[in-house]
Structure formats: structure tokens, C-alpha cells
Amino acid sequence: MEAPGIPVLLEDCLERALERVRAGDGPGAEAALADAETASDTGAAGDARVAHLRAVAAHLRHDAEAAERLMAVALTATTDPTLVASLHNDLGNMRLEAGRPAAAVESYEASLAVQPADAPTWANLATARRHAGDPVGAGRTGLHVLELESGAALGRAAVGAALVHLTGQGRTTEALDLVRRWVELDPEHPGARHRLAALGGLPVPDRAPDDYVETLFDASAEDFDDHLAGLGYRAPGLVVDHVTVLLGEAGGALDVADLGCGTGLVGHLVRPWARSLVGCDLSVGMLRKAQRRGCYDTLHHAELGAFLGARHAAYDLVVCADTLCYFGDLTDVTRAAAGALRPGGTLVATVERLEDRSWQLTPTGRYAHSSGHLHEVAVRAGLHEVTTRRVHLRLEAGEPVEGLLWSARRPRAAADGTGADS
């Protein structure tokens, strides 16, 4: 069907350009748009859609100056409020991707001046404010998303991301004010309640709720590896180096389980030891990334305690990097891991380190554990040769996160024993 005043050929060219934009092909989009400009003497030159797509194509080839100029052309070519709001929002997206969050804030605010009830644009504004160094403003913007759309995933993600920044910077008072308001708006959300407990506003739970952990990692799955690389993440390498110390060089003869496998950062390193390698995780988003990595024989969408409890004496090696930080008392999960190990089997894991007490929920929403607690729960579970070693796991707000590298072994016979804290 022909659009009013616009030849069908022009519409075809615009559709092809849009397809190329969606594919991330800036030059291909520009070629289609060049065809559009020759398709009609009257329709293309002043068409806001043509200028818009040309701007996005310029952005895809990292020509920020051309993208800005063409978006200005698009904005002068239309008075339609819906299109004006969309153009400002897209300009904000381009500016944010180009590393200009303050300029992105201006664009999103311009979009919202036209369409003030658009929740996704408010969520974009929250992201831009966070990247511009304003986590409090970002969190309040995320709360406004929840005011517009009760329980909105975008709003929850925006508030959660702001809280991560605030607690990482030690700004616990501002974080507490933010999360209290979140719980008022979203009283049944487990993530909000867990965050409030972590900041002292509710009784401390024994572990993080499964749906909190699942939602947290589903939201971060796509950029997870890049994010951790930027934090100097060391836990996978520490775990696998310790496997080498305990078990010797890889021989491909072991049945191995990777608990909280995430995107497979540990799995691809431990694969050389494995005859079979299985991973489990609560996050479907993480499991999809792990599947693409291609190192696992089987992946399971499961809570790790239930996963281990259903697999008696199934594994020679169980590894777990930075997952036990979502558990408080480790008695039950250690007993489950011991039951899943064959006689002589080995557990290697990392936790965040606590100097005293057994375990504690920290303002980050993660739990830290003491060396004494790790020894105690391992011995209770019938494991021996227990060792812990102090390590640096990653950076957070530019500071090293202190951890413990923990290992224990299931006896080959019915003998008990304990190791020494190294």
C-alpha cells in the first residue's frame, strides 16, 4: 500500500535501511538511504525518517558529529509529538553509547518534556544519570518509573543499579533512603526487601532470595564478562590454579560440577580436567551465554543446593566461584556439596572474607564469611584437608575485594580430619 505522497519505492528503501540499521550495518543503511534520495524528488529530502536513519547510520560508523547534525535535521523536519519524543530519545541513546552521558541526559529530558509519562525513557534517563556520576538522581528516576508502572522491571533494574553504585562508594545513608522508598513502592519485591535488610532496615535473612539472584543476573548477563574484566576479576583463575595445585595437571578424566556457573568463566578454564562438565545457575540469561561458550556437556537451570541434593556421589570435583556470597550460613550447602562428591572428591570455592563472626550480610547485598566458619561447616559435613587462603577477588569502587579461596576433600575412607588455615 502506498503511503500518502510517498512513492512505494521510497518506502522500500527506508525499510531496507531500517533492516541494515537493526543489523548494525551503517554503510549498508547509508547505501539504502542513497537509493531513497534518488527514489523521489519530493519525498526524501524533507523526510524526518530519512534524516533519522542517516543519523543512526553515521552513529554506527562512529561519526558523532554527523549523527548530531542529521538528528538536528530530523527534529526540524517534523512537528509530530510522538516522533519528536522518539528522536530525542534515540539521540540520547546515541550520546550515551558514544560516552557522553551528560549530553544524553539533556536528550532524554527533552523527550520527556514532550511525553512525560513514557516509562522506558525515564529508565534511559536513570541510566544516563548514573553514568554521569549521579547515582542518587538515577535511583530517584528509577523510582519514578515504578510510580508510573508498578513493578516495572526497568524501574527495578534502575534502582538496583543505583544502589550498587551507592553502596560501592560507601554512601550507605543515601542508599538506605533510596531502598526504603523502593520497598514502599514495591513492597513484595524480594530484591527490594533483601537490599533493605542488607542496609539494616529489616532482619537479616539466611540467604538471598532465589528470584532476587535470578533477576539480578538476568539483567546483567549480556555485559557480564566485559563488566567483570573491567573490575580485574580474578576468582575463576584463582579457583582453577588451586585445582592444579590439588589435582595436578589436567587429564580429562573427572566428572566436574560448576555451581553458579554464570557465563562459563570458570567452566572453560576447568574443562581440561573434565570427562564431563555440568553447570547450574539460577539465571537463564547467564545459562544462554554459557551455552554459547560451548564448554559444558550439560547446563541446568537450578538452585545449587537442590541441584547438589539430587546428585549423590556424582562428581570428582565441585567448583564454585563467587556464588556462595548469596548464602549466609553455609552448613546446608556444604553438606549438599559433600554428598555430591565421590570418595576422594574435591571442593574448591571462593567467598568474600569476613575477619570475625561466622558470616554477615554486607551493604552490597552479598554475604561474607570467616575462615573459621568455612572450617567448621566443612568438618561438620564430613570433609577433611580443609584449607583457606586470603586472596583478592576483584576491584570494587577502585578497592580490592578481599576473599578466601577455600578447598576441602571428601575422605576416601570413613576417616575424619581437618586442615590448617594457610
With heavy-atom distances below 4.5 Å as the criterion, would you say the side chains of Lys289 and Glu222 are in contact? yes
Can we say Arg140 and Glu147 salt-bridge, meaning some charged N sits less than 4.0 Å from an Asp/Glu carboxylate O? no
Is a side-chain donor or acceptor of Ser86 paired with a backbone partner of Thr82 at a separation under 3.5 angstrom? no
Could you grab the distance from atom CZ of Arg275 to atom CG of Asp316, nearest 0.5 Å is fine? 6.5 Å
Does this structure show an ion pair linking Arg207 with Glu303, if we count only N-O contacts that are shorter than 4.0 Å? yes
Passes side chain to side chain contact (heavy atoms under 4.5 Å, CB included), Leu299 versus Cys261? Steps please. CA-CA 9 Å; Leu299 290 165; Cys261 64; 3.9 Å; yes
Looking at every non-hydrogen atom in both residues, tell me the closest pair between Val333 and Leu308 and how far apart they are. O-CD1, 4.2 Å
According to side-chain contact (heavy atoms from CB on, under 4.5 Å), who are the partners of Ala103, at least two apart in sequence or on a separate chain? Arg95, Arg100
Is any side-chain heavy atom of Leu374 less than 4.5 Å from a side-chain heavy atom of Val351? yes
Looking at Ala132 and Pro101, what are the two nearest heavy atoms and their distance? N-CB, 3.7 Å
Taking the six-membered ring for Trp and the full ring for Phe, Tyr or His, determine whether the centres of Trp406 and His369 are under 6.0 Å apart. no
Could you grab the distance from atom CG of Asp255 to atom CG of Leu341, nearest 0.5 Å is fine? 11.5 Å
Residue set satisfying side-chain contact (heavy atoms from CB on, under 4.5 Å) with Asp241, at least two apart, ordered chain then number -> none
State, with a plain yes or no, whether a side-chain heavy atom of Asn93 is found less than 4.5 Å away from one of Asn89. yes
Which heavy atom of Thr244 sits nearest to which heavy atom of Glu249, and what is that distance? CG2-OE2, 3.8 Å
For side chain to side chain contact (heavy atoms under 4.5 Å, CB included), just list the numbers for Leu404 and Arg389, CA-CA rounded to whole Å, side-chain angles, deciding distance to a tenth of an Å, and then say yes or no. CA-CA 5 Å; Leu404 292 169; Arg389 176 164 65 87; over 6 Å; no
Could you tell me if Gln360 and Arg357 have a donor-acceptor pair between their side chains, going purely by distance under 3.5 Å? yes
Between Arg293 and Asp225, does any NZ, NE, NH1 or NH2 come within less than 4.0 Å of an OD or OE carboxylate oxygen? yes
Mutual orientation of the aromatic rings belonging to Trp122 and His144 [parallel < 30°, tilted 30-60°, perpendicular > 60°]: perpendicular
So, do Phe217 and Tyr212 have ring centers that fall under 6.0 Å from each other? no
Set of side-chain contact (heavy atoms from CB on, under 4.5 Å) partners for His227, sequence neighbours left out: Leu231
Quick one: pull up CG in Leu70 and CG in Leu53 and give me the separation to the nearest 0.5 Å. 10.5 Å
May I have the step-by-step check of ring pair (Phe, Tyr, Trp, His ring centres under 6.0 Å) for Tyr233 and Phe224, ending in yes or no? CA-CA 11 Å; Tyr233 184 52; Phe224 187 73; 7.2 Å; no
Between Arg394 and Asp322, is the closest basic N to carboxylate O distance under 4.0 Å? yes
For Thr364 and Thr167, does a side-chain donor sit closer than 3.5 Å to a side-chain acceptor? no
Nearest 0.5 Å please: distance from the CG atom of Asp218 over to the CZ atom of Arg288. 7.5 Å
Pair Glu65 + Arg69: basic N to acidic O under 4.0 Å: no
What pairs with Tyr315 under side-chain hydrogen bond (donor to acceptor under 3.5 Å, both in side chains), at least two apart in sequence or on another chain? none
Interatomic distance, Trp273 atom CH2 to Leu247 atom CG [nearest 0.5 angstrom]: 8.0 Å
Salt bridge (charged side-chain N to carboxylate O under 4.0 Å, His left out) partners for Arg130, two or more places apart: none
Across all chains, not counting sequence neighbours, the side-chain contact (heavy atoms from CB on, under 4.5 Å) partners of His301 are Glu214, Val284, Leu287
For the side-chain contact (heavy atoms from CB on, under 4.5 Å) test, which of Arg353, Arg234, Arg390, His242 pairs with Leu405? His242
Is any side-chain heavy atom of Gln115 less than 4.5 Å from a side-chain heavy atom of Ser111? no
Given side chains that start at C-beta, do those of Pro120 and Leu154 come closer than 4.5 Å, heavy atoms only? yes
So does Arg193 have more than 12 non-hydrogen atoms from other groups sitting under 6.0 Å from CZ? no
Residue that, paired with Val240, satisfies side-chain contact (heavy atoms from CB on, under 4.5 Å) out of Val270, Val348, Leu265: Val270
Run the side chain to side chain contact (heavy atoms under 4.5 Å, CB included) test on Trp182 and Arg195 for me, step by step, so that the C-alpha distance in whole Å, both residues' side-chain angles and the decisive distance to 0.1 Å come before the verdict. CA-CA 10 Å; Trp182 185 9; Arg195 286 288 190 179; 4.2 Å; yes
Test your reading of the model: is there a side-chain donor-acceptor pair from Asp223 to the backbone of Asp226, 3.5 Å cut-off? no
Beyond-backbone contact of Trp359 with Val204, side-chain heavy atoms, under 4.5 angstrom: yes
Do any N or O atoms from the side chain of His194 and from the backbone of Gly365 form a donor-acceptor pair under 3.5 angstrom? yes
Verdict with supporting geometry, Arg156 and Leu146, side chain to side chain contact (heavy atoms under 4.5 Å, CB included): CA-CA 7 Å; Arg156 289 169 171 174; Leu146 293 173; 4.0 Å; yes
Does a side-chain heavy-atom distance below 4.5 Å link Cys280 with Tyr296? no
Nearest 0.5 Å, what's the CG-OG1 distance between Leu228 and Thr263? 7.5 Å
Val318 vs Asp258 side-chain heavy atoms within contact, under 4.5 Å: no
Distance-only donor-acceptor check, side chains Ser283 and Asp281, under 3.5 Å: no
When you check the gap from the basic side-chain N to the acidic O, do Asp297 and Arg271 get nearer than 4.0 Å? yes
What pair of heavy atoms forms the shortest contact from Gly262 to Ala290, and how long is it? O-CB, 3.3 Å
Short question: side chain of His268, backbone of Cys295 - any donor-acceptor pair under 3.5 Å? no
Counting heavy atoms not belonging to Gln169, are there more than 12 under 6.0 Å from its CD? yes
List the atom of Ala98, the atom of His59, and the distance in Å for their closest heavy-atom pair. N-CE1, 4.4 Å
Verify, without hydrogens or angle tests, whether Thr78 (side chain) and Ala74 (backbone) share a donor-acceptor contact under 3.5 angstrom. no
So, for Leu324 and Cys320, which heavy atoms are closest and what is the spacing to 0.1 Å? CG-SG, 3.8 Å
